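Data first, discussion second: the structure below is written as structure tokens.
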Amino acid sequence: MDAPEPPFGRLLELNLTGIDFALRRLRQPLLHTALGLCLATPLFADGIDLPDEDRLAAQMEAFWVDAPGSIYAMQPFRNDQTVTNDEGLEVTLTSMNPNINSWFILRVDEPGDRTRPEYFHIENADPETWQLSLEMDRGDPTILIEGLDADEECAPWEGRSSELDEAEDEGLPYAPICDGRLYLRNRVSGSRTSREAIAEFLRENVIFGDSLVNLIKGTLYEDAYLETAEEIETEDVGAVVEALGQANLARFPVMRASPGFDLIGAEGGMEAGSWYAVEDAPGIYSSVMQPGQIHGDILNRSGETNWFDGVENNANVHLVAFDMRQFEIGYELGTDHPSFGWSSRPHGAGRDWSIPGPDGINDPEPLVMVGMLNPSYLDRVAATFTGGYKRDHGAFRYGDMATFNQGHHYGFLVNGVVLSRLWPGLATIYVLDDGTFGMTTWSEELNEDLLPRLRFARQNGVPLINPDPETGEGVPGDRVRQWGPGNWSGSADAQLRTLRAGACLREVDGRQFLIYAYFSSVTPSAMARTFQAYSCDYAMLLDMNSQEHTYMALYPEVEDDDWIEAEHLVSGMSSVDQRSRGGTIPRFVGFADNRDFFYILRR
């Protein structure tokens, strides 16, 4: 049987002149969606808007080829402005996705400079407020930053020791420029040595004591906090617990196993399958159970999962639920993982040795991955947890999915920028431009409908559970029992049962809950049954095998906000944080890390 046609493939042919493109097949619905968005979106005051219809169509064609071959070609909505002064200084500002207005590439080509032009990855500190464009100010290029009641003109490339030079020398993952309205994203290492060096730098530059938040807010990033989030009315804890209900278990013993944070009403232990509010963390709830406690109505359904062994039956599972009325979710890549080249796993038609990676690239230059939370979000961060597989594990070795669509390398997208394309058939967490959050199995139709609106996305394998098409009930995915075709992996010593983390989406009376779960020793079958017991609509695997790879931390709201205190789901996770003389600096929040992660922000 022939493999299905790759959805990204064979759309264009390049003729022998290397110039004219013949269109073989164009995704008209997506193109029309993008063009409609382009025409319907009002122009920013002087910001960079979407490209015109002809350019957008050409960029869309380039995006859909088998391997676009550059980070620019993977951004179909990008647009740029270029200005040149009389001396020949040429400055180009490229918005990688004007729909999202977050990431920009600044290109500076000095006149008479025999070296290559310089490229800088710029991040908008407040995409909802600031609009960026280039203009000429008295004959010289400048960045115009417009928003609120004040505009800012900025030329950070000017001078012998320019603002960009100084920002690079600071060595911070996010170095503020242009009065803190923009950040320069610097290349840093996520290694242990680099963590210690960054922590030492932070300590030496503290003015008001050894406090991470005071340091960033009052010293390095003092202008990043231009406005605060609107307050929302919090709901009665008991009403939310009642809405979450109780897991479908056969028995409900009181368990002494508890998470590493304080819970309301759990002083004598936690009843299995029940939910408890987390102290000083409105909208966050915790539960605990063991797979062997799941009700027989779920466990005895034949043909859906494998049976559990004795260890798996008694393995503790810790769950944390976020009421998404009170939160929004984001995603950031690590300094090293996931990477961009080929996984070693695909074979045959699933790997094209003539190109450096499944998208035709093996690095994102000139974009920079920093592995750290944007400091503008520090006063809102509620939780962080690690993302999915790194690139070498994030593709299929066995089964049909290994042999077409480039082996189905798991895709990812940050701030509207496509870093690795999203493949149909893969479990996906995504966030849209209006903050809408979802989990689903990706499809060609979703590429057509949602690509222009995506802010974040992360794929990781196939679903653990998904809605039954007839009943809508969450049921195990069709590959949960298939080890190779499901790409479920195992521990370093080839044990199929191992420590794992997963996430699910549950909707209750129109209210969304994101549930993160830490499984101390399970197979995908036990994960699927657990998420079924908690009435999840969709669930997927995250990462596995160690507490570093399944790291999860909460940041409660406390009266003394001079320090961000991390409370970990499991105590061993704290070993990944950075120790300092004044306390502990949390992973992902206080220093760059080599792994990708999700972050939860209070609205």
Side-chain angles (χ1 to χ4, degrees), residues 1-9 301-309 312 338 342-352 358 387-412 420-429 439-444 446 458-469 474-504 519 522-532 536 538-545 549:
M1 178 182 296
D2 294 335
E5 181 183 355
F8 299 116
R301 294 168 59 167
S302 64
E304 292 184 343
T305 64
N306 298 321
W307 296 103
F308 310 160
D309 64 22
E312 201 168 14
W342 285 105
S343 164
S344 61
R345 296 187 170 198
H347 55 85
R351 175 156 182 164
D352 182 354
Y389 286 5
K390 56 184 175 182
R391 175 48 63 97
D392 191 47
H393 300 156
F396 289 78
R397 185 189 301 275
Y398 305 106
D400 58 324
M401 297 184 81
T403 62
F404 70 101
N405 283 356
Q406 314 288 43
H408 289 85
H409 289 70
Y410 304 167
F412 36 91
S420 183
R421 291 174 298 174
L422 305 179
W423 291 101
L426 297 182
T428 308
I429 298 179
M439 295 177 67
T440 190
T441 301
W442 207 247
S443 65
E444 292 190 50
L446 289 175
R458 178 46 153 119
Q459 297 186 312
N460 205 61
V462 293
L464 287 161
I465 66 171
N466 46 213
D468 182 280
V475 296
D478 59 6
R479 295 176 184 244
V480 166
R481 295 189 299 165
Q482 303 177 47
W483 204 266
N487 198 38
W488 299 112
S489 299
S491 64
D493 56 355
Q495 293 294 316
L496 306 185
R497 172 176 37 77
T498 186
L499 183 157
R500 297 175 182 268
C504 87
F519 300 81
V522 295
T523 61
S525 290
M527 297 181 75
R529 291 305 196 197
T530 298
F531 285 128
Q532 278 185 287
C536 292
Y538 194 95
M540 60 186 285
L541 179 68
L542 293 175
D543 211 337
M544 53 188 286
N545 289 341
H549 299 160

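Both backbone and side-chain heavy atoms feed into the values below; hydrogens, waters and symmetry mates do not. The structure displayed is predicted, hence computed values, not measured ones. The first residue of the sequence shown is numbered 1, and numbering continues consecutively from there.
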My understanding is that only residues two or more places apart in sequence, or in another chain, count here; which of them pass side chain to side chain contact (heavy atoms under 4.5 Å, CB included) with [X]?
X    : value
R351 : W342, P346, W353
L446 : T440, W442, S443, L450
A427 : P463, Y538, M540
D309 : V311, E312, R497

Any side-chain heavy-atom pair of [X] and [Y] under 4.5 Å:
X    : Y    : value
M401 : L426 : yes
F412 : P338 : yes
W488 : V480 : yes
T403 : H347 : yes
F396 : S343 : no
W423 : Q406 : yes
S489 : R500 : no

Using side-chain hydrogen bond (donor to acceptor under 3.5 Å, both in side chains) as the criterion, list what pairs up with [X], not counting sequence neighbours.
X    : result
Y389 : none
H393 : none
D478 : none

statement: When every non-hydrogen atom of A528 is compared with those of L464, the smallest separation belongs to CB-O, 3.7 Å
message: Please give me the minimum heavy-atom distance between R391 and P358, naming the atom from each residue.
response: NH1-CG, 3.3 Å
Looking at [Y], is its backbone amide N or carbonyl O close enough to the side chain of [X] to form a donor-acceptor pair, meaning the two atoms are under 3.5 Å apart?
X    : Y    : result
N460 : Y410 : no
S525 : N306 : yes
N466 : G477 : no
H409 : G394 : no

Of all residues at least two apart in sequence or in a different chain, which pass the salt bridge (charged side-chain N to carboxylate O under 4.0 Å, His left out) check with [X]?
X    : result
E304 : R301, R529
D392 : none
D400 : R479
R458 : D596

Side chain to side chain contact (heavy atoms under 4.5 Å, CB included) assessment of N487 paired with R345: CA-CA 10 Å; N487 198 38; R345 296 187 170 198; 2.6 Å; yes
query: In chain order, what residues pass the ring pair (Phe, Tyr, Trp, His ring centres under 6.0 Å) check against F519, with sequence neighbours excluded?
result: F531
- line: Rounding to 0.5 Å, atoms CD1 (I465) and CD (Q532) come to a distance of 6.0 Å
field: Interatomic distance, R481 atom CZ to T305 atom OG1 [nearest 0.5 angstrom]
entry: 7.5 Å
